[in-house]
Novice: 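Got a structure for you, questions after.
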Amino acid sequence: MSSGTQIKAKAAAQKSKTSSPLPSSPEPAVKPQPKPSDKLNPKTIDPFAAPSRTPSAFAATYAKGGIPCRLMHGSVKHRLHWECPLETVPFDPLLVTLAEGLRETKHPYTFVSKEGFKELLLVEGATEKAIPLLPRLVPVLKAALAHSDDEVFERGLDALVQLSAVVGPSLNDHLKHLLTNLSRRLMDKKFREKITVALQMLEQYGGKATRHILMGTVVWEVFLKRTEASQM
């Protein structure tokens with residue numbers, strides 16, 4: 001083949017390429033809409049998807065500003081900053097809400113509930129404000145004392161002693177509801193000392209009536225043994 005023939009063949013090939021239409025881009029695939037029945041079909045559920053958790057009532061209240069304090073992070077320890085003087089904070093329902101928060105297991109709710117409950121009970125006139133709330137506070141504290149988490153139990157026990165120091169003998173009418181959970185924890189050696197000290201404080205704040213309530217219970221028997229051992 002001569003050189004002239006080769007040049008003509010190349011020119012014809014290039015003309016054929018430029019004249020050929022460009023390939024059309026594929027149309028986007030239309031995603032099928034899920035049918036109502038798909039929600040009931042287990043095949044459409046992702047077994048590896050993280051389950052959505054509804055925030056607790058305390059966490060939701062805190063997020064909405066229903067608790068008038070915020071956590072202040074310090075270099076050594078944390079503290080609460082109240083948005084208004086504590087004397088003006090209504091105990092109802094805040095004290096009950098803070099008691100419910102004692103069952104939280106995540107920061108900052110654990111600190112806010114524990115410290116807030118303690119600080120609110122230190123307010124002048126706390127006795128008159130807290131006594132009417134005892135029928136609502138005791139079931140909440142009972143739930144904390146029955147919690148499987150050790151730290152939740154300890155927060156509940158501390159709160160019980162703090163409440164007893166404020167309301168005194170007024171707690172005696174509700175004390176029986178709390179003794180069952182205390183007796184269960186007495187079987188655990190790591191809590192015996194703490195519960196014994198708490199019972200001593202309850203008796204101190206509640207008076208002779210508290211002793212009569214405790215007598216004959218499992219809690220009382222262990223309490224007597226621990227007291228006698230400490231005095232020997």
Side-chain angles (χ1 to χ4, degrees), residues 54-72 77-147 149-182 185 194-195 197-199 201-207 209-210 213:
T54 304
S56 65
F58 181 83
T61 302
Y62 183 77
K64 294 177 182 178
I67 301 175
C69 67
R70 284 293 177 266
L71 176 63
M72 303 294 291
K77 64 178 183 179
H78 306 319
R79 65 181 181 86
L80 293 181
H81 172 72
W82 294 90
E83 299 173 358
C84 54
L86 273 176
E87 292 76 12
T88 64
V89 174
F91 272 46
D92 187 5
L94 184 57
L95 189 63
V96 179
T97 302
L98 291 169
E100 291 173 345
L102 296 172
R103 286 176 288 169
E104 295 289 337
T105 56
K106 293 183 179 180
H107 183 78
Y109 312 125
T110 52
F111 181 85
V112 172
S113 59
K114 177 181 178 179
E115 190 66 19
F117 188 86
K118 181 178 70 174
E119 292 185 11
L120 205 57
L121 288 176
L122 295 177
V123 174
E124 184 177 355
T127 301
E128 293 76 13
K129 297 178 181 180
I131 288 177
L133 299 177
L134 286 177
R136 293 158 60 191
L137 284 170
V138 170
V140 176
L141 292 179
K142 181 179 179 180
L145 294 172
H147 204 282
D149 188 284
D150 290 347
E151 293 183 359
V152 172
F153 169 77
E154 289 184 295
R155 286 195 293 272
L157 187 61
D158 290 339
L160 175 61
V161 174
Q162 293 161 6
L163 183 63
S164 176
V166 172
V167 302
S170 297
L171 185 61
N172 289 336
D173 293 337
H174 309 273
L175 202 55
K176 288 184 178 180
H177 301 291
L178 305 169
L179 296 180
T180 302
N181 296 322
L182 291 180
R185 287 286 184 167
K194 188 174 182 66
I195 294 176
V197 174
L199 291 173
M201 302 302 291
L202 291 175
E203 183 184 4
Q204 176 184 339
Y205 298 135
T210 303
I213 294 172

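Counting from 1, the numbers follow the sequence of the chain as shown.
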Novice: Do the non-hydrogen side-chain atoms of Tyr205 and Val166 ever get within less than 4.5 Å of each other?
Specialist: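 No; the side chains remain at least 4.5 Å from each other.
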
Novice: What is the minimum heavy-atom distance between Leu95 and Ala130, and which atoms define it?
Specialist: CD2-CB, 4.1 Å

Novice: Specify whether His78 and Phe111 have parallel, tilted or perpendicular ring planes, treating 30° as the upper limit for parallel and 60° as the lower limit for perpendicular.
Specialist: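 Correct class here is perpendicular.
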
Novice: With a 4.5 Å cut-off on side-chain heavy atoms, are Val89 and Cys84 touching?
Specialist: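 With C-beta onward as the side chain, the pair touches.
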
Novice: Using modelled atom types only, decide if a donor and an acceptor are shared between the side chain of Arg103 and the backbone of Ala144 within a distance under 3.5 Å.
Specialist: no

Novice: So Val161 and Val197, do their side chains get closer than 4.5 Å, heavy atoms only?
Specialist: no

Novice: With a 4.0 Å cut-off on N to O distance, would you call Asp158 and Lys118 a salt bridge?
Specialist: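 No.
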
Novice: Which heavy atom of Gly116 sits nearest to which heavy atom of Trp82, and what is that distance?
Specialist: CA-CZ2, 4.0 Å

Novice: With a 4.5 Å heavy-atom cut-off, do Pro135 and His174 have their side chains touching?
Specialist: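 Of all side-chain heavy-atom pairs linking His174 with Pro135, at least one is under 4.5 Å.
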
Novice: Should we count NZ of Lys114 as having more than 12 external heavy atoms under 6.0 Å?
Specialist: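 No, because the 6.0 Å sphere around NZ of Lys114 holds 12 heavy atoms or fewer from other groups.
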
Novice: Taking side-chain contact (heavy atoms from CB on, under 4.5 Å) as the criterion, tell me which of Ile67, Thr61, Leu133 meets it with Leu94.
Specialist: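 Checked Ile67, Thr61, Leu133 against Leu94; only one passes side-chain contact (heavy atoms from CB on, under 4.5 Å): Ile67.
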
Novice: Would you mind checking if Arg155 and Asp150 are paired as a salt bridge, meaning a charged N to carboxylate O distance below 4.0 Å?
Specialist: no

Novice: Compare every heavy atom of Leu120 with every heavy atom of Leu86, then report the nearest pair and how far apart it is.
Specialist: CD2-CD1, 3.8 Å

Novice: Taking the side chain as C-beta and beyond, is there a heavy-atom pair between Leu137 and Lys142 under 4.5 Å?
Specialist: no

Novice: Rounded to the nearest 0.5 Å, how far apart are NZ of Lys176 and CD1 of Ile213?
Specialist: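 Lys176 NZ to Ile213 CD1: 6.5 Å, rounded to 0.5 Å.
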
Novice: What are the two closest non-hydrogen atoms of Pro139 and Leu134, and how far apart are they?
Specialist: CD-O, 4.3 Å

Novice: For Val112 and Leu98, work out which heavy atoms get closest and say how close.
Specialist: O-CD2, 3.9 Å

Novice: Roughly how far, to the nearest 0.5 Å, is CD1 of Ile131 from CG of Leu171?
Specialist: 10.0 Å

Novice: To the closest 0.5 Å, what do you measure between OG (Ser164) and CG (Leu141)?
Specialist: 11.0 Å

Novice: What's the separation between atom OG1 in Thr180 and atom CG in Leu145, rounded to the nearest 0.5 Å?
Specialist: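 Thr180 OG1 to Leu145 CG: 10.5 Å, rounded to 0.5 Å.
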
Novice: Side chain of Ser113, backbone of Gly101: donor and acceptor closer than 3.5 Å?
Specialist: yes

Novice: List the steps, then state whether side chain to side chain contact (heavy atoms under 4.5 Å, CB included) holds for Val96 with Phe117.
Specialist: CA-CA 9 Å; Val96 179; Phe117 188 86; over 6 Å; no

Novice: Kindly say whether Gly206 contributes a backbone atom to a donor-acceptor pair with the side chain of Asn172 at under 3.5 angstrom?
Specialist: yes

Novice: Give the minimum heavy-atom separation between Glu128 and Gly125, together with the two atoms involved.
Specialist: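 For Glu128 and Gly125, the tightest heavy-atom pair comes out as OE1-O, 3.2 Å.
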
Novice: With the side chain counted from C-beta on, respond yes when Thr110 and Leu102 share a heavy-atom pair under 4.5 Å apart, and no when they do not.
Specialist: no

Novice: Within the distance-only criterion (no hydrogens, no angle test), does the side chain of Thr97 pair as donor or acceptor with the backbone N or O of Pro93 below 3.5 angstrom?
Specialist: yes

Novice: Please round to the nearest 0.5 Å and tell me the distance separating atom CD of Glu119 and atom CZ of Arg79.
Specialist: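 Glu119 atom CD to Arg79 atom CZ measures 9.5 Å (nearest 0.5 Å).
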
Novice: Does the side chain of Glu83 reach to within under 4.5 Å of the side chain of Cys69, using non-hydrogen atoms?
Specialist: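 Glu83 does not reach Cys69 side chain to side chain.
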
Novice: Parallel, tilted or perpendicular: which describes the rings of Phe58 and Tyr62, with under 30° parallel and over 60° perpendicular?
Specialist: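 The arrangement is parallel - the two ring planes meet at less than 30°.
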
Novice: Can you see whether Glu151 engages Thr105 through a side-chain donor-acceptor pair at a distance of less than 3.5 angstrom?
Specialist: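 Glu151 vs Thr105: no donor-acceptor pair found between side chains.
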
Novice: In terms of heavy-atom contacts, does CD of Glu124 have more than 12 from other residues, nucleotides or ligands at under 6.0 Å?
Specialist: no

Novice: Atom OG1 in Thr210, atom CG in Leu199: separation rounded to 0.5 Å?
Specialist: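 Thr210 atom OG1 to Leu199 atom CG measures 10.0 Å (nearest 0.5 Å).
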
Novice: Should Arg185 and Leu157 count as side-chain neighbours, where that means a heavy-atom distance under 4.5 Å?
Specialist: no

